Each structure stands twice: as structure tokens, then as C-alpha cells.
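Below is one structure, written out as C-alpha cells, with a few remarks after it.
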Amino acid sequence: MPDFTLPPLPYDYAALEPTIDTLTMQIHHDKHHATYVTNLNAALKDFPAITEQSIEVILINLDTLPVPDATRTAIRNNGGGHANHTLFWEIMTPGGSKTPTGALAEAINATFGDFDSLKKAVNEGGAKRFGSGWSWLVADNMGALSVVTTPNQDSPLSEGKTPLLGVDVWEHAYYLKYQNKRVDYLAAWWDVVNWDKVAERFAAVKG
Ligand code: MN
């Protein structure tokens, strides 16, 4: 039963400058994400059968996993932290396309009106999320889009939704550069979204 491992960043720590500063990327990936992985493995050490599954499947089935409540909470927090951050690194890139294209763009326009309205919904969700959490563009099993937020490291997977894009609004994601100005971080963050990857995720849901 293999342990979960910290995936390497798919680009350099400095690659998302100036939107996300190098030191934030180093601490966020090497310390915060690494700690979620360490704690997830610790929580699952007595449940080897569960570690045979992907973290996504584990989170989809979170409510029915045959584990004590304390372990379920540890999986929710640290498994969610692992999955959420793995996605976060993947859906960012330096110099990516600045807007969604193709079927994803059509679905965004049909659901939200236009791309700016999607950004507004995600940013408002992130700004209003009290304390720590995430703001997401998600799809249901039929591919219908919506914007949701989750507290802490809760994953939309545990609510039956597939995250296509998510922005981390924990202070550790932005405080060194943006301090208390979460709204400024949210406004700037769209510059580093990897729309090719988000479109791939949408295509996978649509099947
Ligand atoms: Mn984070």
C-alpha cells in the first residue's frame, strides 16, 4: 500500500511572478502541501486498503469510509488539502491562454452569461468565504457548471461535484504579497490560470 507523495510543482517557484511570489510558492508547496501529505499518510497508516484508492475516490466516498470519526476528520482535512493543492498547482501556469476556449467557454457563457461574470462569481465567493477555504468552478455528473465555496480543506468531490478550477483563499496563499487584501489577490490570480488544463478537466467530466 503505497503512501501518498507530494507531487513536484510543474514549473519553477518563480514561474508565477509577479502574480504569486516565489517565497509564497516555496512555503505553500514545500511546507503546507507537504504537511497535508504527511498527515494524510499518518491518518491512514492503520487502513491500508483505503490507500489503494486514489485520493479523489477516497474523498468522493468520505462519508461512508469504514474509519473512526477522528480518522474521517483527518482524511477530510489532510486528504482534502492534498487533493486541493494538487489541483491548484495543475490549473496554474505561467503565460497560459488568458481566457477559456472551445466547449468550456461555451458552457461558461451559457451558464454565467460571459467570462467576466464567472470571474465575478468566483471572486465574490472567495471574498465572502469567512476564514480559510476555497472558491471553485465545479461540474456535476452531467457537466452542468456552478460556482461553490468550501471551508477549510473540504473538497467539492465530497459533495458530488468535480472541481474544474479552484482558488485557495487561505491566508498562506497570498499574505506575503497581498497581506490582508484578499480581493486584490483574487483579481490578480486569473492571470495565471491554465485554461488548457481546466478545459481538459471539463472534457473528462463530459466524457
Ligand atoms: Mn493552500
Side-chain angles (χ1 to χ4, degrees), residues 3-44 54-56 58-59 62 73-94 96 119 121-138 147-159 161-194 197-198 201:
D3 276 352
F4 290 98
T5 56
L6 178 67
L9 269 187
Y11 34 75
D12 293 341
Y13 297 114
L16 305 182
E17 293 265 11
T19 307
I20 302 180
D21 61 283
T22 304
L23 183 58
T24 293
M25 290 299 291
Q26 288 174 331
I27 297 171
H28 200 173
H29 178 269
D30 294 6
K31 305 298 183 187
H32 288 280
H33 189 172
T35 299
Y36 295 126
V37 173
T38 299
N39 291 344
L40 174 63
N41 288 327
L44 288 174
S54 71
I55 191 59
E56 288 81 10
I58 291 171
L59 292 170
L62 180 66
T73 298
I75 296 168
R76 179 185 195 121
N77 291 335
N78 296 290
H82 176 40
N84 293 343
H85 287 85
T86 300
L87 170 68
F88 190 54
W89 313 133
E90 284 180 359
I91 58 95
M92 297 191 291
T93 189
K119 289 203 283 191
V122 172
N123 288 356
E124 285 184 357
K128 289 177 180 167
R129 167 49 63 189
F130 184 75
S132 297
W134 293 75
S135 187
W136 307 94
L137 172 65
V138 301
V147 168
V148 300
T149 72
T150 57
N152 304 312
Q153 295 297 351
D154 288 7
S155 169
L157 292 167
S158 303
E159 304 296 330
K161 301 285 170 54
T162 299
L164 303 181
L165 164 157
V167 57
D168 187 344
V169 298
W170 285 58
E171 285 186 346
H172 69 224
Y174 64 87
Y175 207 86
L176 292 179
K177 180 178 171 75
Y178 297 91
Q179 291 84 47
N180 59 313
K181 298 181 283 290
R182 186 189 285 186
V183 168
D184 291 358
Y185 158 69
L186 285 164
W189 177 76
W190 297 93
D191 285 345
V192 294
V193 171
N194 185 344
K197 186 62 71 175
V198 179
R201 296 182 61 82

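Heads up: numbering here begins at 1 and tracks the sequence. Whatever order the structure lists ligands and atoms in, that order sets their numbers, starting from 1. Here the structure is a predicted model, which is why all the values come from computation and not from measurement.
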Parallel, tilted or perpendicular: rings of His33 and His82 (30°, 60°): tilted
His85 backbone or side-chain N/O/S under 2.8 Å from the Mn ion (ligand 1): yes
Shortest-distance N, O or S atom of His28 relative to the Mn ion (ligand 1): NE2
Asp168: its N/O/S atom lying closest to the Mn ion (ligand 1) (atom name): OD2
Whether Ser132 side chain and Asn152 backbone form a donor-acceptor pair below 3.5 Å: no
Name of the residue among His32, His28, His29 meeting ring pair (Phe, Tyr, Trp, His ring centres under 6.0 Å) with His85: His28
Polar side-chain atom of Thr150 near backbone of Ser155 as donor-acceptor pair, under 3.5 Å: no
